[in-house]
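Report on the structure given below.
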Amino acid sequence: MNSCNPEFKLGQRVHSANDTRRIGTVKYVGEVQGYSGIWAGVDWDDGNGKHDGSINGVRYFQAQSEKSGSFIRVQNLSMGISLPEALEVRYRSESSKEEEDEMYVLSASNKRVSVELVGKDKIQDKLSKFEELSSASLSYLGVSCPGVNIGTIVPNLKELDLTGNLLSDWKDVGTICEQLPALAALNISNNLMSKDVTGLPQLKSIRILVLNSIGINWMQVEILRHSLPAIEELHLMGNNISEITPMSSPIVEGFDSLRLLNLEDNCIAEWSEILKLFQLRSLQQLYLNKNKLKQIYYPNNDTIYELFGACEYHDKNCIPFQNLRCLLLGSNEIEDLASVDSLNSFPKLMDIRLSENPISDPGRGGIPRFVIIARLAKIEMLNGSEVSARERKESEIRYVRLVMSKLHGNPEEIKRLHPRFNELKDFHGIEDERPSIGAAGPQNMASGLLSITLKCVGASMGEKPPLMKKLPASTTVGKLKILCENFFKLKSIKPKLFLQEEGSPLPLLLDDEMASLMDLGISNESTILVDEES
């Protein structure tokens with residue numbers, strides 16, 4: 001059944017007749033030498049074909065890769081169904097025996113146990129009442145056109161997920177939105193959309209628009225902006241965007257209500273591209289994970305003038321990124337401390353992700369979590385984990401002691417390399433002298449002792465209860481390894497030590513045998529894991 005265009009045409013999106021997830025683009029329709037009948041040449045999205053569009057020395061079309069093309073009998077392809085037909089398939093058709101057979105859990109003996117959904121009929125009955133539907137998921141059903149009378153079928157639809165269908169024409173998207181006046185959230189990810197974004201009506205009700213992996217660039221986003229006066233969330237993941245290219249100004253304008261912009265998994269390498277967004281006053285969340293950023297900084301007026309000139313659109317009274325609260329920068333290439341310190345300049349920034357950058361990986365010369373927390377005064381969430389008041393206090397004290405042990409009171413070098421050091425040292429009342437364990441008497445000896453919990457985690461160490469020990473702050477990693485061998489009676493096992501940090505997903509390897517507990521910033525009541533060398 002198909003109420004859309006009944007004939008295949010070049011550029012049309014299709015799926016395999018027996019697999020709605022196997023999607024491609026028709027690049028040729030006609031005869032193929034040596035084979036009878038009419039064939040369709042398809043370039044498959046997943047790259048899983050047989051050739052590049054040529055066969056037996058004759059080229060019929062150019063596929064995107066050497067093995068992404070194949071010839072298919074037209075009867076083995078589907079040009080899709082309309083949106084109302086997809087609603088019927090998803091919410092009114094009876095589940096097949098094959099689908100029900102797939103509903104199972106594994107028992108303790110790894111056998112399948114069938115699952116029966118309690119209340120399934122009631123749920124199905126409610127979902128089948130289209131006039132009551134407020135949310136519909138029609139992902140990977142082969143939707144290729146709007147169909148007719150959508151608004152009378154689902155008049156109260158507020159959220160619609162059309163991920164992975166056969167849509168390509170923006171006018172069809174406009175038609176769907178026009179016929180659904182209550183629609184506030186639309187997801188058309190993984191539909192290969194046309195480059196022509198013109199002719200869209202005003203989509204006044206759309207607040208959330210998800211356009212992940214649809215092949216869109218920023219110039220097209222700029223055109224779309226004029227049709228989205230109320231947009232609050234815009235998701236643009238996986239579109240190979242490398243540049244932010246405003247239409248009529250050096251900086252991005254409009255988007256007056258935009259609170260969240262998701263540019264994850266793109267190709268942005270220059271922070272100057274992101275700075276074009278600095279005047280978006282409502283922007284609170286900016287997602288930039290999985291790009292190619294090497295450096296970040298907060299723009300002052302001189303920087304703005306240098307990058308964008310005397311831009312007539314620049315509001316001199318606008319504080320850059322004035323409402324930004326969340327900035328996700330995971331899985332980039334940031335490696336300098338200045339980038340970390342610059343985050344303090346964003347007026348309201350409190351949620352940051354820096355994981356999987358060189359600067360946050362001690363194994364690649366980066367800094368551990370406690371140092372990041374200490375250097376950033378306002379953050380309340382780091383790498384998805386809350387920074388508690390206790391963790392902040394311990395991190396800051398530990399950081400100050402670490403700096404004191406490394407730089408031995410050189411004030412100029414400390415000020416240059418550690419901008420918050422003096423502030424934190426005064427705030428926590430930390431004395432200049434290092435704790436002494438010499439002959440200065442029992443008072444100083446006690447102040448130099450740290451209460452440390454040691455836990456055995458090595459597979460061949462057996463079950464051993466944790467030990468709490470008071471150790472001098474000057475104890476080196478090498479000395480602690482020898483002590484652990486004695487504490488836990490590890491005869492032929494060489495220990496490897498890790499510091500378990502609150503809020504950090506992975507423990508920190510202590511591999512510098514000459515570094516002392518104080519040098520490493522290890523504080524009172526820390527936990528050290530004792531593993532074994534592999």
Side-chain angles (χ1 to χ4, degrees), residues 1-4 12-25 42 44-48 77-96 98-100 102-103 117 120 123-124 126-130 132-147 150-151 153-154 156-177 179-180 182-194 203 205-216 233-239 260 262 264-265 287:
M1 180 169 58
N2 173 42
S3 59
C4 305
Q12 183 167 5
R13 301 285 285 161
V14 293
H15 66 73
S16 172
N18 55 7
D19 185 357
T20 57
R21 289 178 175 267
R22 182 158 165 75
I23 299 172
T25 303
V42 179
W44 298 105
D45 290 1
D46 61 6
N48 188 12
L77 289 175
S78 171
M79 58 187 68
I81 57 179
S82 69
L83 195 151
E85 290 170 330
L87 285 165
E88 290 284 341
V89 170
R90 177 56 53 88
Y91 295 110
R92 284 187 177 162
S93 62
E94 293 292 326
S95 54
S96 66
E98 289 78 8
E99 290 172 327
E100 290 181 356
E102 286 300 312
M103 296 173 63
L117 291 180
K120 173 190 168 188
I123 296 171
Q124 192 68 35
K126 184 175 181 180
L127 291 175
S128 67
K129 294 177 180 176
F130 286 170
E132 296 180 13
L133 268 185
S134 62
S135 176
S137 176
L138 305 178
S139 56
Y140 294 98
L141 285 179
V143 177
S144 58
C145 65
I150 312 171
I153 298 170
V154 280
N156 296 305
L157 201 64
K158 294 180 174 64
E159 300 175 1
L160 178 58
D161 183 0
L162 289 169
T163 297
N165 281 288
L166 306 181
L167 296 170
S168 59
D169 194 331
W170 284 102
K171 290 178 182 175
D172 287 339
V173 175
T175 300
I176 291 169
C177 294
Q179 291 192 32
L180 297 172
L183 191 65
L186 176 64
N187 186 347
I188 58 168
S189 298
N190 296 324
N191 287 269
L192 189 58
M193 300 303 296
S194 163
L203 310 179
S205 65
I206 296 294
R207 301 283 190 275
I208 301 171
L209 186 58
V210 187
L211 306 176
N212 299 335
S213 302
I214 67 166
I216 197 170
E233 285 189 23
L234 183 58
H235 297 262
L236 300 167
M237 293 175 61
N239 283 299
L260 186 156
N262 186 349
E264 289 189 16
D265 198 15
Y287 298 171

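Quantities reported herein were computed from a predicted structural model and do not represent experimental measurements.
Taking each heavy atom of I153 and P84 in turn, the nearest pair found is CD1-CB, 3.7 Å. I206 and C177 make their closest contact through CD1-SG, 4.0 Å (heavy atoms, listed as atom of the first residue, atom of the second, distance). Taking every heavy atom of both residues into account, A86 and L138 meet most closely at O-CD2, 3.8 Å. Considering all non-hydrogen atoms of both residues, V210 and S189 come closest at CG1-OG, 3.3 Å. Taking every heavy atom of both residues into account, S82 and G147 meet most closely at CB-CA, 3.8 Å.
In this structure, the separation between OG on S168 and CD1 on I188 is 10.5 Å, given to the nearest 0.5 Å. Note that CG of N187 is 8.5 Å distant from CG of L160, once rounded to the nearest 0.5 Å. Distance check, rounded to the nearest 0.5 Å: NE2 of H15 to CD1 of I81 gives 7.0 Å. Here the OG atom belonging to S135 is positioned 10.5 Å from the NZ atom belonging to K158, to the nearest 0.5 angstrom. L166 contributes atom CG, which lies 7.0 Å from atom OG of S78 (distance to the nearest 0.5 angstrom). Here the CG-CG distance, from N165 to D172, works out to 12.0 Å after rounding to the nearest 0.5 Å.
With contacts defined as side-chain heavy-atom distances shorter than 4.5 Å, the pair N239/I214 qualifies. Residues L162 and I176 meet the side-chain proximity criterion, which asks for heavy atoms closer than 4.5 Å. In this structure, the side chains of F130 and R92 come closer than 4.5 Å at one or more pairs of heavy atoms. Considering only heavy atoms from C-beta on, D169 stays 4.5 Å or farther from S194 through its side chain. Looking only at side-chain heavy atoms (C-beta outward), L192 and I23 stay at 4.5 Å or farther from each other.
T20 places no side-chain N or O within donor-acceptor distance of the main-chain N or O of G142, the cut-off being under 3.5 Å. At least one donor-acceptor pair closer than 3.5 Å links the side chain of S205 to the backbone N or O of L183. Looking at D265, its side chain never comes within 3.5 Å of a backbone N or O of G238 through a donor-acceptor pair. The main-chain N or O of M193 is never found under 3.5 Å from a side-chain atom of W170 such that the two would form a donor-acceptor pair. Of the possible donor and acceptor atoms, none in the side chain of D19 sits under 3.5 Å from a partner among the backbone N and O of S16. Side-chain atoms of N191 come within 3.5 Å of backbone N or O of L167 as a donor-acceptor pair.
Tested against L186, the residues I208, V173, L180 include a single side-chain contact (heavy atoms from CB on, under 4.5 Å) partner, V173.
Residues passing the side-chain hydrogen bond (donor to acceptor under 3.5 Å, both in side chains) test with T25 are R13, sequence neighbours excluded. Under the salt bridge (Lys or Arg N to Asp or Glu O under 4.0 Å) criterion, E159 pairs with no residue at all, not counting sequence neighbours.
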Check against side-chain contact (heavy atoms from CB on, under 4.5 Å), E233 and N262: CA-CA 8 Å; E233 285 189 23; N262 186 349; over 6 Å; no
